[in-house]
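Below, each value reflects all heavy atoms present in this structure, side chains not excepted, and no hydrogens, waters or symmetry copies.
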Amino acid sequence: MKALLLLGAALLAAPVAAETVAITGGTVAIGDGSAPIEGGTVVIRDGRIVAAGQGVAVPAGAKVIDATGKWVAPGFVAGFTRVGLVEVDAVDPTNDTVARRSPYSAAIDVVPGINPRVSAIAVSRLGGVTRAIVSPSTANMIFAGQGAVIDTGADPDAVTVPRAFQFVELGEDGAQEAGGSRPAAYLQFRQSLEAAQRCARNPAAYDGDSKDALLTRADAAALVPVVTGKMPLLVHVESANDIRNVLKLKQEYPALKLVIVGAAEGWTVAREIAAAGVPVIANALTDLPAAFEQLAATQSNVGRMKAAGVRVSIGMNNDDDARQARLAPQYAGNLVALTKIPGAAGLSWGDALAAITSGPADALGLGGQIGSLRAGRRADVVLWDGDPLELSSHADRVWIDGVEQPMVDRQTKLRDRYARPEEGALPKAYER
C-alpha cells in the first residue's frame, strides 16, 4: 500500500508529458532574423522543435492543429527583467530584487526569490513571453549577483538556467554604489576581479573573513566563473564614454564574456562595439534622456547599432522590468515602424522579432536551446491570431517545452468574474 502511495505521489509531481504536435498551414516565423514563411508547418516532439518551415512532413500519429490564417512564432525571450522577483514594489516582503543590508554581493543568487505564482509571470505568458532573463539589482556594491533564465509556465519549476550570468553596474548607478565616482567603480571592479583570481588560484588561502577584505569568500568564489570566462558578465552602462571604458575591460581581461545592457548612446560608438564583438541588450525606445548618461538618446539607437554590425537585442532594464515583459512585441513592432519614418533607423520585421527571441538567447550563449523554431530547440511556440508584432494580435495558444499552457491569468479571471455579475456571485463587500 505504501509503495502505491509513493508511486501516486511521484506521478502527481511529474510534469505533464509533452506530445507530438504538428501546427500546419500558418505563417511561420522562425525567429532567426528571416522573413515569415507562408503556409508553413511546425512539428514538436518530446518538448523540442523537430522542424519548421515549408514542405515539412507531418509525423504519423501527431496531433494536428490547423493554423490557416494565423501566425506561428517562437515564444518571446524577455531580454532583461526582474520578472518573478516582485509582486508589489512598495511591499518589502514581496520584493526580492535587492538586498540592501546584506554583507554579500556577487554571491547572491536570485533563484530562491523567483516565485512562479507572481501575477506578472502568467500575464507575460499570455502576452507570448515564454522565457525571461531575470537579474538582481545592486545594493551596496557594483556587483548585484547571479541572475537566472526562467520560463513562464504554469508549474512550480520556473528556473531554466540558474546562475546564468553575473550583473554589474558601471554607469551612474555604479558610481554611486562605489562611493560616488566612476573611477571608484572601476577600481572596485578591478580589485574584485583580482580577488577572484587569487581565489581561483588558491581557494583555501583566500582570506574573505578579514574586516579589510573587499569581497567575502563567497563573493570572490562567485566571480571565479566570470574571470575564467565561464559565466557571462552583464554590464549596465548608458553613455558612450562608459561603453568605451567597458570595451577597454575586454582588452584587460580577454576571458570576460561581456554583454552590455542599456547602451542609450550606443549608436555613437556602434562601430567600436561591433569591432569588439560584444553583444548589447538595449532598451528599445529610449528617446529622451532620463539621466545625464543618456543625453544622446534616440529612438534610432537600436536600428543604428544593428546597421553598424552590433549584435543587438531588446531588454527592459529599469523600464517597469518586474511586470511589463509583455511589452516586448510592442517595442519590436515600433522598431519596424521606424523604418518608414524619413531619417529614422529601425529594424526589418525579421530582425525585430529576433531582437526579442533568438537575440537575447544568443547574447547569453543559449541560442542553441531557446529563442527560435530551429530544429532541436526547446519547443516554446505561440499561435497568434495575427502578426505577433501588431498590437491588435492576440496569442491563442502557448506551448513551453512542448507542453500547452493555460491561457488564464489574474486579469482574465477578474474579467470573467465581473463581466456579467449575477446576484449572489460577488463578494460580500460588493453587496448594497
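Inter-residue side-chain proximity for Ile37 and Ile30 is flagged as met; some heavy-atom pair is nearer than 4.5 Å. Residues Val226 and Phe165 form no side-chain contact, since every pair of their non-hydrogen atoms from C-beta on lies 4.5 Å or further apart. No side-chain heavy atom of Leu85 sits under 4.5 Å from any side-chain heavy atom of Asn95. Between Ile243 and Ile273 the shortest side-chain heavy-atom distance falls below 4.5 Å. At a threshold of 4.5 Å between non-hydrogen side-chain atoms, the residues Lys257 and Met231 do not count as touching. Val382 is not listed as a side-chain neighbour of Pro388, based on a closest heavy-atom distance of 4.5 Å or more. For the pair Val381/Val21, no side-chain contact is recorded, criterion being any heavy-atom separation below 4.5 Å from C-beta on. In this structure, the side chains of Pro59 and Val43 come closer than 4.5 Å at one or more pairs of heavy atoms.
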* Is there a side chain to side chain contact (heavy atoms under 4.5 Å, CB included) between Leu249 and Leu170 once you walk through the steps? -> CA-CA 11 Å; Leu249 293 176; Leu170 285 178; 3.9 Å; yes
* From CA spacing to verdict: side chain to side chain contact (heavy atoms under 4.5 Å, CB included), Met407, Thr412 -> CA-CA 9 Å; Met407 299 300 287; Thr412 63; over 6 Å; no
* To do: Let me see the working for Asn334 and Gln330 under side chain to side chain contact (heavy atoms under 4.5 Å, CB included), right down to the final yes or no.
  => CA-CA 6 Å; Asn334 286 345; Gln330 176 181 340; 4.1 Å; yes
* Could you give me the CA-CA distance, side-chain angles and deciding distance for Val134 and Phe80, then say whether side chain to side chain contact (heavy atoms under 4.5 Å, CB included) is met? => CA-CA 6 Å; Val134 182; Phe80 189 94; over 6 Å; no
* Begin with the C-alpha distance, continue with both residues' side-chain angles, and end with the deciding distance and a verdict on side chain to side chain donor-acceptor pair (under 3.5 Å) for Thr298 and Asn301. => CA-CA 5 Å; Thr298 170; Asn301 182 40; over 6 Å; no
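Distance check, rounded to the nearest 0.5 Å: CG of Leu364 to CG of Leu234 gives 5.5 Å. Here the straight-line distance linking atom OG of Ser137 with atom CG of Asn317 works out to 8.0 Å at 0.5 Å rounding. Put simply, OH on Tyr253 and CD on Gln197 are 6.0 Å apart, with the number rounded to the nearest 0.5 Å. One finds the CG atom of Asp380 at 4.0 Å from the CZ atom of Arg131 (value rounded to the nearest 0.5 Å). Distance check, rounded to the nearest 0.5 Å: CD1 of Ile23 to CH2 of Trp399 gives 4.0 Å. Note that OG1 of Thr68 is 12.0 Å distant from CD of Glu38, once rounded to the nearest 0.5 Å.
Checked by atom type and distance alone, the side chain of Thr339 pairs as donor or acceptor with a backbone atom of Val336 at under 3.5 Å. Panel note: side chain Glu265, backbone Ala296; a donor-acceptor pair is recorded below 3.5 Å. Counting only distance, with no hydrogens or angles, the side chain of Arg326 and the backbone of Gln324 share no donor-acceptor pair below 3.5 Å. Counting only distance, with no hydrogens or angles, the side chain of Lys250 and the backbone of Leu256 share a donor-acceptor pair below 3.5 Å. A distance-only check finds no donor-acceptor pair linking the side chain of Ser313 to the backbone of Ile356 [under 3.5 Å]. In this structure, Asp32 contributes its side chain and Ser34 its backbone to a donor-acceptor pair below 3.5 Å. The backbone N or O of Gly262 lies less than 3.5 Å from no partner atom in the side chain of Asn283, so there is not a single donor-acceptor pair. Judged by distance alone, the side chain of Gln146 and the main-chain N or O of Ala107 form a donor-acceptor pair under 3.5 Å. A donor-acceptor contact shorter than 3.5 Å links the side chain of Glu293 to the backbone of Glu172. Put simply, the side chain of Glu404 never gets that close to the backbone of Arg397: no donor and acceptor are under 3.5 Å apart.
Classification of the Phe189-Phe143 ring pair by plane angle, with boundaries at 30° and 60°, yields parallel. Ring geometry for His236 against Phe167 counts as parallel: the plane angle stays under 30°, on a 0 to 90° scale with 60° as the upper cut.
Nearest heavy-atom pair, Arg45 versus Thr20, reported as atom, atom and distance to 0.1 Å: CG-OG1, 3.4 Å. Listed here is the closest heavy atom pair of Ser372 and Ser358: CB-CB, 4.4 Å. Looking at every heavy atom in both residues, Arg304 comes nearest to Ala270 through O-CB, 4.4 Å. Pro156 approaches Pro116 most closely through the heavy-atom pair O-CG, 3.4 Å. The nearest pair of heavy atoms linking Gln166 to Ala222 is NE2-O, 4.3 Å. Listed here is the closest heavy atom pair of Val56 and Ala51: CG1-CB, 3.7 Å.
Counted by atom type alone, Asp351 and Ser348 present one or more donor-acceptor pairs between their side chains at under 3.5 Å. Between the side chains of Arg48 and Gln369, a donor-acceptor pair is found at a separation under 3.5 Å. Between the side chains of Thr130 and Arg125, not a single donor N or O lies within less than 3.5 Å of an accepting N or O. If you check the side chains of Glu177 and Thr138, you find a donor sitting under 3.5 Å from an acceptor. Between Asn241 and Ser239, the side chains place no donor N or O within less than 3.5 Å of an acceptor N or O (distance only, hydrogens not considered).
Salt bridge absent: Lys70 and Asp385 never bring a charged side-chain N and a carboxylate O closer than 4.0 Å. Electrostatic pairing of Asp242 and Arg182 counts as a salt bridge here, judged by a charged N lying under 4.0 Å from a carboxylate O. A salt bridge between Arg117 and Glu87 is absent, with no side-chain N of the basic residue lying under 4.0 Å from a carboxylate O of the acidic one. A salt bridge does not link Asp320 to Arg82: none of the charged nitrogens lies less than 4.0 Å from a carboxylate oxygen. A salt bridge links Arg323 with Asp89: the closest approach of a Lys/Arg side-chain nitrogen to an acidic carboxylate oxygen falls below 4.0 angstrom.
With respect to Arg378, the side chain to side chain contact (heavy atoms under 4.5 Å, CB included) criterion is satisfied by exactly one of Ile49, Ile44, Ile370: Ile370.
Atom OH of Tyr104 has 12 or fewer neighbouring heavy atoms from other residues, nucleotides or ligands inside a 6.0 Å radius.
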